[in-house]
Every structure is written in structure tokens, then in C-alpha cells.
Student: 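One structure follows; several queries about it will come next.
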Amino acid sequence: MSLLRIRKPKTRKGKKVLLAREPQLIEPARSMLFVDGRKCGGNVKQCMKDLNQLKKPLVKVLHRKNDITPFDDPSSLEFLTMKNDTALFTFGSTSKKRPDNILIGRIFENEVLDMFELGIKRYQAISEFKNEKIGACVKPCLVFNGPKWAQTEELRRLRNLFIDMFHREKVDSIRLQGIEHVLSFTVTNDMSVLMRSYKILLKKSGQKTPRIELEEIGPSADFSIRRTKIASEDLYKLSRKQPKQLKVTKKKNLSTDALGNTKGRVHMGKQQTGSIQTRRVKALKKSPEEKRTDRQKKKVALRAAAAEALAAE
């Protein structure tokens with residue numbers, strides 16, 4: 001019952017912290033909690049260190065070892081995420097039954113929403129790539145290769161979780177030189193997940209658009225999917241629900257094309273163009289020859305009408 005007890009803030013700072021934890025109309029970028037298991041070392045420790053470096057500054061690291069089994073009892077992990085105000089978590093452990101184990105997941109309303117256990121089959125750290133690295137706090141481009149990501153519900157949720165992990169603040173515009181990091185994820189035939197990290201190099205091409213080259217900078221990992229725990233369809237739909245204030249209301253006679261340009265349609269009544277007073281321009285006046293031909297046409301039309309009238313009598 002102590003976890004469910006509600007305590008009122010006694011200071012201004014405490015009230016500010018509690019207000020920041022309440023649901024916001026526009027949620028900020030999610031932070032990630034890194035937790036060590038009972039035994040954690042080798043590739044697991046190095047992988048968590050590199051993920052921490054990619055996610056900075058939206059990280060919180062717990063250095064003490066924790067005797068937690070999230071698939072059996074996730075309450076301890078839920079308490080740690082609630083205490084540190086993080087919506088994502090990474091739990092590293094190793095054992096004889098499941099060596100080199102990485103567990104990633106996310107929280108919704110202080111409960112585990114999705115959780116995936118990945119086994120490290122091969123790992124190459126960032127420090128093993130002896131080349132120039134990218135700067136800190138760089139927003140990466142995420143690439144999911146192949147159609148297998150959409151074949152099963154578990155792979156679709158895993159892809160969505162990766163997007164949540166490396167998502168940062170929303171921006172309205174970005175310059176070409178600001179795109180300098182790519183994270184690539186591929187699912188193989190044996191259901192392994194290959195993660196690769198590249199630096200984008202802009203080379204001269206002799207044209208306005210530069211030539212793109214990719215240089216691998218690490219980390220490079222091959223994961224095997226072990227155990228999974230995904231939320232029900234109703235709970236997943238509830239977690240993705242947006243407030244009514246953010247829903248865009250459709251406006252009449254407005255449309256957006258593929259390039260993002262907004263086009264409008266204006267409805268007007270019938271215009272009497274013949275009665276519009278326009279400026280008299282000398283260039284638009286009829287020449288004497290045109291006036292003479294118009295008079296002759298009128299005379300011919302009058303004569304024809306008179307002849308028809310006489311014939312009718």
C-alpha cells in the first residue's frame with residue numbers, strides 16, 4: 001500500500017515536480033532508465049553504455065545491481081521507472097540459461113506496456129571503430145529494412161519501440177547538414193535483428209544536391225528475439241490516444257498536395273463582365289477598317305432580315 005499512497009507536496013519545488021509528472025497536452029521526449037541485473041558484464045555492459053551514449057541527455061543510470069526478474073514480477077521495475085520519472089527502460093543481465101541478455105520496454109500509466117528480451121549474438125562497440133564520430137544530442141534517422149517488420153504484431157511493436165527509444169524533440173525544419181546519423185535495423189530469415197550505426201558524409205557531386213556516403217561508426221549488434229510481452233490491442237490503442245485539443249479539424253475548401261502546399265477553393269457568383277467599367281486604352285480601340293467591316297456586316301444582316309420578312313408576307 002505504500003506505493004499507492006498519495007502524498008501532497010509540502011514545498012514549491014515538490015509541487016513543480018508533481019505537476020511535471022502529470023499528463024501534458026504536448027508530451028516532451030521520453031527519458032530512458034538503465035538498470036543492471038544481478039549479474040551484468042561484458043557485452044551487456046558495453047551495449048548499455050553505447051545505448052546510453054546514443055540516447056543522451058535523456059537518460060538516467062542506476063549503478064547498483066538489482067535482483068529483478070521483470071517477466072516474473074515487473075513491480076520493482078515499475079517502481080524504479082516511476083521514481084525516476086522515465087517512460088522507457090533498459091535492463092541488462094546475464095546467466096547460464098540466458099547469456100548476454102538485454103531487455104527493453106516502455107511504461108504506460110506506471111505499468112509495463114511492452115517488453116522485449118533480446119540476446120546479444122555479436123557485438124562491436126563504438127570504441128572499436130577507429131574513425132571520427134558524430135557530436136552529442138544528434139537526432140538520428142531510423143531505417144527499417146525489409147518487409148518482415150510488418151509481418152507479425154510483435155515485430156510491428158518492436159519497430160514502434162525502437163522509434164520511441166531514439167525519438168527526440170519535434171522540430172519544424174531541419175537543414176541538410178543537420179542530418180548526420182543513421183540507425184539501420186534489419187530482420188533476417190532466422191528472425192535476428194541486425195542493428196547498424198552510420199555517419200552520413202556529404203561529398204561534392206558537381207550539382208546542387210551533394211553525394212551521400214555512409215561510414216559505419218558503431219555500435220554494430222546482432223540480436224536474437226527471446227521472450228516478448230506486448231500489451232493487448234485495447235490497451236495499446238488507449239496508450240496512443242491523442243487529446244481532442246490536438247486533433248486537426250478539417251476545414252472546408254482547403255486541401256494539401258503531396259509537397260505540403262495548402263490550396264484553397266473560393267466560390268463566387270456569376271460575374272457580369274459586360275457591365276464592368278474598364279479603363280479605355282488606345283491600343284484596345286478598333287481601327288477604322290474594323291469599324292467599316294462591322295458596319296457592312298450589320299447592313300448585310302439587316303437586308304437579309306428584311307428579305308425574310310417580305311418572303312414571309
Student: May I ask you to check whether over 12 heavy atoms, not counting those of Glu132, lie within 6.0 Å of atom CD?
Tutor: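 Counting other residues, nucleotides and ligands, CD of Glu132 stays at 12 neighbours or fewer.
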Student: Under the criterion side chain to side chain contact (heavy atoms under 4.5 Å, CB included), I'd like the reasoning laid out for Asn253 against Val266: C-alpha separation, chi angles, the key distance, then a yes or no.
Tutor: CA-CA 7 Å; Asn253 305 321; Val266 180; over 6 Å; no
Student: Measure the spacing between CG of Asp234 and OG of Ser239 and express it to the nearest 0.5 Å.
Tutor: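 One gets 11.0 Å once the value is rounded to the nearest 0.5 Å.
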Student: Does one hydrophobic cluster hold both Leu161 and Ile163, with members joined at side-chain heavy-atom distances below 4.5 Å?
Tutor: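 Linked within one cluster.
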Student: Measure from the side-chain N and O atoms of Asn261 to the backbone N and O of Asp257, and report whether any donor-acceptor pair falls under 3.5 Å.
Tutor: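 Here the side-chain-to-backbone pair does not exist.
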Student: Answer yes or no: are there more than 12 heavy-atom neighbours, outside Glu289 itself, under 6.0 Å from its atom CD?
Tutor: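 12 or below, so no.
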Student: Phe89 pairs by side chain to side chain contact (heavy atoms under 4.5 Å, CB included) with which of Leu103, Ile104, Leu80?
Tutor: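 The option that passes is Leu103.
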Student: Side chains of Thr209 and Leu176: closer than 4.5 Å at any heavy-atom pair?
Tutor: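 Counting from C-beta outward, Thr209 and Leu176 never come under 4.5 Å.
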Student: Which heavy-atom pair separates Gln151 from Pro147 by the least distance, and what is that distance?
Tutor: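 The answer is CG-O, 3.7 Å.
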Student: For Phe129, which of Lys199, Gln124, Glu215 qualifies under side chain to side chain contact (heavy atoms under 4.5 Å, CB included)?
Tutor: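 It is Gln124; the other options fail the test.
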Student: In the single-linkage hydrophobic clustering (I, L, V, M, F, W, Y; side-chain heavy atoms under 4.5 Å), do Phe223 and Met48 co-cluster?
Tutor: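 Phe223 clusters together with Met48.
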Student: Please check if any side-chain donor atom of Tyr123 sits under 3.5 Å from a side-chain acceptor atom of Asp50, or the reverse.
Tutor: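 Yes, because at least one side-chain N or O of Tyr123 sits under 3.5 Å from a partner of the opposite role on Asp50.
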Student: Answer yes or no: is there a donor N or O on one side and an acceptor on the other, between the side chain of Arg106 and the main chain of Ala87, under 3.5 Å?
Tutor: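 Not confirmed, Arg106 side chain does not pair with Ala87 backbone.
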Student: Indicate yes or no: at least one non-hydrogen side-chain atom of Ile174 is less than 4.5 angstrom from one of Lys139.
Tutor: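 Not in contact.
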Student: When rounded to the nearest 0.5 angstrom, what distance separates CG in Asn66 from OG in Ser93?
Tutor: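 That separation rounds to 11.5 Å.
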Student: Is there a donor in the side chain of Arg227 and an acceptor in the side chain of Asn101, or the other way round, less than 3.5 Å apart?
Tutor: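 There is no such pair between these side chains.
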Student: Quick check: closest heavy atoms across Ala29 and Leu58, and the distance to 0.1 Å?
Tutor: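 Smallest interatomic distance, heavy atoms only, reads CB-CD1, 3.5 Å.
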Student: Do you know the tightest heavy-atom contact between Arg211 and Lys204?
Tutor: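 Distance-wise, the nearest heavy atoms are NE-O, 4.0 Å.
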Student: Which class fits the ring pair Phe144 and Phe185: parallel under 30°, tilted 30 to 60°, perpendicular over 60°?
Tutor: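 Parallel, since the angle between the ring planes stays under 30°.
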Student: Using a cut-off of 6.0 Å, state whether more than 12 heavy atoms not belonging to Lys121 lie near its atom NZ.
Tutor: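 Atom NZ in Lys121 is crowded, with more than 12 foreign heavy atoms closer than 6.0 Å.
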Student: Has Asp172 got more than 12 heavy atoms of other residues, nucleotides or ligands less than 6.0 Å from its CG?
Tutor: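 No, because the 6.0 Å sphere around CG of Asp172 holds 12 heavy atoms or fewer from other groups.
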Student: CD1/Ile134 to CD1/Ile217 distance, rounded to the nearest 0.5 angstrom?
Tutor: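 If I round to the nearest 0.5 Å, the distance is 4.5 Å.
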Student: Do Val44 and Leu33 belong together in a cluster built from hydrophobic side chains that touch within less than 4.5 Å?
Tutor: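 Val44 and Leu33: separate clusters.
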Student: Considering only NZ, NE, NH1 and NH2 on the basic side and carboxylate oxygens on the acidic side, decide whether Glu233 and Arg157 come within less than 4.0 Å.
Tutor: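 Counted as a salt bridge, because a side-chain N and a carboxylate O are separated by less than 4.0 Å.
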Student: Determine whether Arg292 and Arg295 make a side-chain contact, defined as any pair of heavy atoms from C-beta on separated by less than 4.5 Å.
Tutor: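 Yes - at least one pair of side-chain heavy atoms lies under 4.5 Å apart.
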Student: Under a 4.0 Å threshold between the charged nitrogen and the carboxylate oxygen, would Lys65 count as salt-bridged to Asp36?
Tutor: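 No salt bridge links Asp36 with Lys65.
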Student: Measure across Glu78 and Val112 and return the closest heavy-atom pair with its distance rounded to 0.1 Å.
Tutor: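 Of all heavy-atom pairs spanning Glu78 and Val112, the closest is OE2-N, 3.1 Å.
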Student: Could you walk me through whether Ile68 and Phe91 pass side chain to side chain contact (heavy atoms under 4.5 Å, CB included), step by step?
Tutor: CA-CA 9 Å; Ile68 300 174; Phe91 180 80; 4.1 Å; yes
Student: Under the side-chain hydrogen bond (donor to acceptor under 3.5 Å, both in side chains) rule, what do Ser184 and Asn145 come out as? Steps first, then yes or no, please.
Tutor: CA-CA 7 Å; Ser184 172; Asn145 303 303; 2.7 Å; yes
Student: Are Asn131 and Lys133 linked by a side-chain donor-acceptor pair shorter than 3.5 Å?
Tutor: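 The answer is yes; a qualifying pair exists.
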Student: Would you say the side-chain atoms of Asp73 and Ser75 include a donor-acceptor pair closer than 3.5 Å?
Tutor: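 Short answer, yes.
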Student: Minimum heavy-atom separation for Gly14 and Pro9, please, with both atom names.
Tutor: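 Of all heavy-atom pairs spanning Gly14 and Pro9, the closest is C-CB, 3.7 Å.
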Student: Working to the nearest 0.5 Å, report the span between CE of Met195 and CG of Leu51.
Tutor: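 Answer for the CE-CG pair, Met195 versus Leu51, is 5.5 Å.
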Student: Count the heavy atoms belonging to other residues, nucleotides or ligands that lie under 6.0 Å from NZ of Lys39, then report whether that count exceeds 12.
Tutor: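 12 or below, so no.
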Student: Mind listing the closest non-hydrogen atom pair of Cys141 and Ile179 along with its distance?
Tutor: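 Nearest pair, atom of Cys141 first, then Ile179: SG-CG2, 3.3 Å.
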Student: Please confirm whether the backbone N or O of Val187 pairs with a side-chain atom of Lys148, one donor and one acceptor, at under 3.5 Å?
Tutor: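 Side chain of Lys148 to backbone of Val187, a donor-acceptor pair under 3.5 Å: no, none is there.
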Student: Are the side chains of Ile102 and Phe116 in contact, using a 4.5 Å heavy-atom criterion?
Tutor: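 No; the side chains remain at least 4.5 Å from each other.
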Student: Less than 4.5 Å apart, side chain to side chain, heavy atoms only: is that true for Leu142 and Arg159?
Tutor: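 Not in contact.
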Student: Are side-chain heavy atoms of Val193 and Thr186 found at a separation under 4.5 Å?
Tutor: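 No, every pair of side-chain atoms sits at 4.5 Å or beyond.
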Student: Got a second to check how far Leu158's CG is from Thr228's OG1, nearest 0.5 Å?
Tutor: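 So the gap between those two atoms works out to 9.5 Å.
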Student: Taking side chain as C-beta onward, heavy atoms only, is Ile212 less than 4.5 Å from Leu201?
Tutor: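 Heavy-atom side-chain distance check fails, nothing below 4.5 Å.
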Student: Following the transitive rule for hydrophobic clusters with a side-chain heavy-atom cut-off under 4.5 Å over Ile, Leu, Val, Met, Phe, Trp and Tyr, establish whether Phe166 and Met115 coincide in one cluster.
Tutor: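 The answer is no; the residues belong to distinct hydrophobic clusters.
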Student: Applying side chain to side chain contact (heavy atoms under 4.5 Å, CB included), run through Leu88 and Ile107 and close with a yes or a no.
Tutor: CA-CA 6 Å; Leu88 301 165; Ile107 301 293; over 6 Å; no
Student: Charged N to carboxylate O under 4.0 angstrom, Arg122 versus Asp222?
Tutor: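 The answer is yes: the pair qualifies as a salt bridge.
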Student: Are Phe108 and Phe71 grouped together when hydrophobic residues (ILVMFWY) are joined by side-chain heavy atoms under 4.5 angstrom apart?
Tutor: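 As far as the 4.5 Å side-chain criterion goes, Phe71 and Phe108 are not connected within one cluster.
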Student: Distance from Lys244 atom NZ to Gln242 atom CD, nearest 0.5 Å?
Tutor: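 Lys244 atom NZ to Gln242 atom CD measures 13.5 Å (nearest 0.5 Å).
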Student: Applying side chain to side chain contact (heavy atoms under 4.5 Å, CB included) to Phe34 and Val59, what does each step give before you reach the verdict?
Tutor: CA-CA 8 Å; Phe34 288 87; Val59 295; 3.7 Å; yes
